[in-house]
Each structure stands twice: as C-alpha cells, then as structure tokens.
Amino acid sequence: TVTERLSYVEQLLGDSADKHAKELAALKASHDKHVADVAAGMKAVHASLPERIDYIEKLLGDSADKHHKDVLELKAAHNKHARDMQDRQATHASFEERMNYVEKLLGDSADNHAKELRALKQAHDKHASDVATLRDAHSKHASVPERLDYLEQVLGDSADK
C-alpha cells in the first residue's frame, strides 16, 4: 500500500539519520574522553612545561588525525547515501504519480464492478420474470396423475370399442 511504501522510505531515511547520529555521538564521546584524559593527566602528573606541551601536541595530533579520518569516512558515507537516494528517485515514481495511479486503478475497478453489478441485477430480474412465467405455465398443465388417468380413460374407451 502507499502507507507501507511511505513508511519504508521514512524508515530508510530514519535509519541513515540514526547511523549518522550514532557516529557523531561516538565522536563526541571520544572527544569528551580526550578532554577528561587531558584534565586528569594535568592534575595527576606535574611534568615540566616542555613535557606537558609535547604531550598535548601528541594527543591533539592523534585526535586530529582520528577526527580527520572519521570526517572523511562520514563524507564518503554521506556521498554514497546521496547517490543511492538519487538512484532511487530516478527509478521510482513520485508520490503524487503513485497516488494518481492507485486512484485511477481503484476508480477503474469500481466502475467495472458497478457495471457488472448492474448486469447481474438485470439478469436476476429477467430470471425472476422467466421463473414467474414458467410457474404460470405449469399451473395451467395437468399433474402427472391427472394425465395418467386421462390416458387410461382414453385407452380404456378405445379398447372397449
């Protein structure tokens, strides 16, 4: 049905959005952990200023590399998703076209059913009329026993002669 198809498309879009949201949440959690690690490292260990700067540069460099890699992966996934959506849009009719088709199909079906129903009613009326005519004709005929009695009488009179 149209509702099921629309639900399917919404589910596809929702799944993609959910996937992107999860990946962004994972990046945020990684970043939050990084910030917490830096803060804990500074409080727990008091190193010299050059050591602390080297440590921070290493952390930031690793994190930046990881974030850059994640961003590139997200961009690639997004581009793939955009291509998939364009392919789907190219091969599927628009919602309006699909609704028009379904409405036409249902309308044609309803028209055909209405025609057949009228034809059946006319055939029923004719049949009822034929049955009434037969019933009237049968009421004018003699029953089988009456006819048998008549034949015996005619034959009997003939045999007597």
Side-chain angles (χ1 to χ4, degrees), residues 1-139 141:
T1 66
V2 172
T3 304
E4 290 171 346
R5 288 171 129 180
L6 185 58
S7 295
Y8 174 73
V9 170
E10 288 174 343
Q11 180 185 3
L12 280 178
L13 293 175
D15 289 347
S16 177
D18 291 343
K19 180 181 172 189
H20 287 259
K22 286 178 185 176
E23 289 176 2
L24 286 174
L27 284 173
K28 185 177 183 324
S30 173
H31 181 20
D32 291 343
K33 181 183 179 302
H34 171 68
V35 169
D37 289 346
V38 170
M42 292 185 85
K43 288 181 183 176
V45 179
H46 292 279
S48 68
L49 186 57
E51 289 174 341
R52 293 167 87 181
I53 289 175
D54 289 342
Y55 175 75
I56 290 172
E57 286 176 345
K58 182 185 180 306
L59 281 177
L60 289 176
D62 292 346
S63 179
D65 292 342
K66 183 178 184 242
H67 284 279
H68 179 69
K69 180 184 170 199
D70 289 344
V71 166
L72 290 177
E73 288 174 2
L74 283 173
K75 283 183 179 180
H78 175 73
N79 289 337
K80 181 185 181 303
H81 177 68
R83 281 191 307 274
D84 290 347
M85 288 301 294
Q86 285 176 344
D87 291 346
R88 282 194 185 99
Q89 288 175 349
T91 58
H92 289 291
S94 70
F95 181 76
E96 183 178 351
E97 291 169 335
R98 288 168 40 198
M99 284 300 295
N100 288 337
Y101 172 75
V102 169
E103 288 172 347
K104 180 184 179 302
L105 190 66
L106 290 175
D108 291 348
S109 177
D111 291 343
N112 288 340
H113 286 287
K115 285 178 188 175
E116 287 192 27
L117 185 60
R118 281 192 299 272
L120 283 172
K121 284 182 180 179
Q122 289 173 349
H124 179 266
D125 292 344
K126 183 180 181 311
H127 179 69
S129 171
D130 291 347
V131 167
T133 302
L134 283 173
R135 194 173 289 132
D136 288 344
H138 280 286
S139 67
H141 290 284

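We number each residue from 1, following the sequence as shown. Values below: every heavy atom of this structure, side chains too, minus hydrogens, waters and symmetry copies.
Put simply, CG on L117 and CG on N112 are 12.5 Å apart, with the number rounded to the nearest 0.5 Å. The NE2 atom of H31 sits 10.0 Å away from the CG atom of L27 when rounded to the nearest 0.5 Å. Here the NE2 atom belonging to H124 is positioned 7.0 Å from the NE2 atom belonging to H127, to the nearest 0.5 angstrom. Atom NE2 of residue H34 and atom NZ of residue K66 lie 11.0 Å apart, to the nearest 0.5 angstrom.
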Next on the checklist: Would K126 and D130 count as a salt bridge (Lys or Arg N to Asp or Glu O under 4.0 Å) here? Give the steps.
Outcome noted: CA-CA 6 Å; K126 183 180 181 311; D130 291 347; 3.1 Å; yes
*Using the salt bridge (Lys or Arg N to Asp or Glu O under 4.0 Å) rule, take K115 and D111 through it: C-alpha gap first, then chi angles, then the decisive distance, then the call.*
CA-CA 6 Å; K115 285 178 188 175; D111 291 343; over 6 Å; no
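Side-chain contact check for E23 versus D70: every heavy-atom pair is 4.5 Å or farther apart.
R98 CZ: more than 12 foreign heavy atoms inside a 6.0 Å radius.
Between the S30 side chain and the A26 main chain, no donor and acceptor come within less than 3.5 Å of each other.
Using a 4.0 Å cut-off between a side-chain N of Lys or Arg and a carboxylate O of Asp or Glu, D84 and K80 qualify as a salt bridge. Here D125 does not pair with K121 in a salt bridge; the nearest charged N to carboxylate O distance is not below 4.0 Å. Contact check on D32 versus K28 returns a salt bridge, with a Lys/Arg side-chain nitrogen under 4.0 Å from an Asp/Glu carboxylate oxygen.
Under the side chain to side chain contact (heavy atoms under 4.5 Å, CB included) test applied with V71, the options H68, E73, K69, K75 reduce to a single match, K75.
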